[in-house]
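Structure first, commentary second.
Computed from heavy atoms alone, side chains included, the values below leave out hydrogens, waters and symmetry copies. Naming: A, B, ... by sequence-line order, numbering from 1 per chain.
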Amino acid sequence: MAVIEVYRNADENVLVELFSDLEETTPIDLTDAVVTVLRGDITPTVSILDAVNGQIELVFPDTMTADLRKNRTYRFTLNVHFNLSGDDRPLPEMEVFVR
Amino acid sequence: MTIAKVVVTPTYRVARVTQQGKQVVRVSRLGARGPAGTNHPIQLSLSIVGRPQGAPNNVLARYSPPQDATVEAALMRGYAETPPDVSSTIKMVRVSDGAEVFRAVWGVGENEPTFTVTITTILATERYRFEGDASVDASVADLDLTACFTRVE
């Protein structure tokens, strides 16, 4: 499980990179993909930063982190939907710990 | 399509601290610039809002770029919520040690001035760590500094 630390009242961005191998040499092609927050008690803004290189950007704006409580953990799960194949690939749950 | 590995990296962080009467914004970014050979400059914007406490008022904003970053453009804009406009009185000063220093002076009777310091940097490496400090040393109270990064295509 990936743990993301954010500071309350701060702007935070997180880079998520997807690979088809454990050696991180082959990124997942997200050209035809749509990434959304599948479920969770926090909903960062999700966008594909670099489709060919499997890069997704999560944004936690200060307006969002201001509403979070310090020393508390929030959880969310991303889903990657591939339009061409129709496949859904939920990613492992991520934790957000608030400093 | 099998996703074998998910790598999560914090890409930027903004922290505010107060040091000896100065307010400091500490910004850092760790991430990837994009495909090798492409050029994605990162634009750092600092917004400084202050309330005049005395006159004349003087704001000094200082930005220290990381060693491996090249400051491509630096610009400071400012305005007052109430006229007269203070834009013409804002001066930008570059100092010899590589830091960018912005100085703004405004007159009696002007309040709630807002300044935006925009710095565009070129980062040297494909996967990078970017850390810089910005501080304001001013005869003002209730200063609020914010910073954000924007990817420039």
Side-chain angles (χ1 to χ4, degrees), chain A residues 1-30 32-33 35 47 49-63 65 77-82 84-96 99, chain B residues 1-18 23-49 116 118 123 125-134 142-153:
Chain A
M1 176 183 294
V3 179
I4 299 165
E5 288 192 357
V6 301
Y7 282 82
R8 197 167 179 273
N9 290 316
D11 285 314
E12 305 275 358
N13 275 27
V14 173
L15 179 72
V16 177
E17 295 171 285
L18 307 181
F19 297 93
S20 61
D21 57 341
L22 296 176
E23 293 74 29
E24 303 177 24
T25 55
T26 311
I28 298 285
D29 190 336
L30 299 173
D32 70 317
V35 183
S47 60
L49 190 64
D50 189 329
V52 176
N53 286 285
Q55 294 181 353
I56 300 164
E57 187 172 50
L58 309 179
V59 179
F60 299 85
D62 56 356
T63 51
T65 58
T77 303
L78 295 178
N79 181 64
V80 183
H81 175 78
F82 295 94
L84 287 181
S85 63
D87 291 343
D88 281 300
R89 291 286 181 268
L91 302 185
E93 186 178 60
M94 297 184 187
E95 281 193 351
V96 180
R99 287 276 177 201
Chain B
M1 185 74 70
T2 302
I3 300 173
K5 191 164 186 181
V6 180
V7 178
V8 178
T9 310
T11 58
Y12 71 64
R13 174 156 292 162
V14 180
R16 300 178 185 85
V17 295
T18 301
Q23 290 203 36
V24 178
V25 175
R26 184 153 295 155
V27 289
S28 62
R29 181 181 177 116
L30 173 67
R33 275 182 66 196
T38 59
N39 186 18
H40 294 294
I42 302 298
Q43 179 173 291
L44 168 63
S45 297
L46 301 173
S47 294
I48 305 162
V49 180
T116 300
T118 303
L123 297 158
T125 53
E126 189 172 328
R127 184 174 287 276
Y128 58 84
R129 175 177 290 278
F130 181 100
E131 292 178 324
D133 287 350
D142 300 328
L143 279 175
D144 182 34
L145 286 77
T146 60
C148 67
F149 283 97
T150 308
R151 190 175 140 118
V152 181
E153 297 296 340

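Shown here are the salt bridge (charged side-chain N to carboxylate O under 4.0 Å, His left out) partners of A/D32, two or more places apart in sequence or in another chain: there are none. Legend: residues meeting side-chain hydrogen bond (donor to acceptor under 3.5 Å, both in side chains) with A/S85, ordered by chain and number and at least two apart, are A/D87.
When all heavy atoms of A/I28 and B/T2 are compared, the pair lying nearest together is CD1-O, 3.5 Å.
For A/L22, the parts sitting under 4.5 Å from any heavy atom of chain B are the backbone and the side chain alike.
Atom NZ of B/K5 sits about 8.0 Å away from atom CD of A/E23, to the nearest 0.5 Å.
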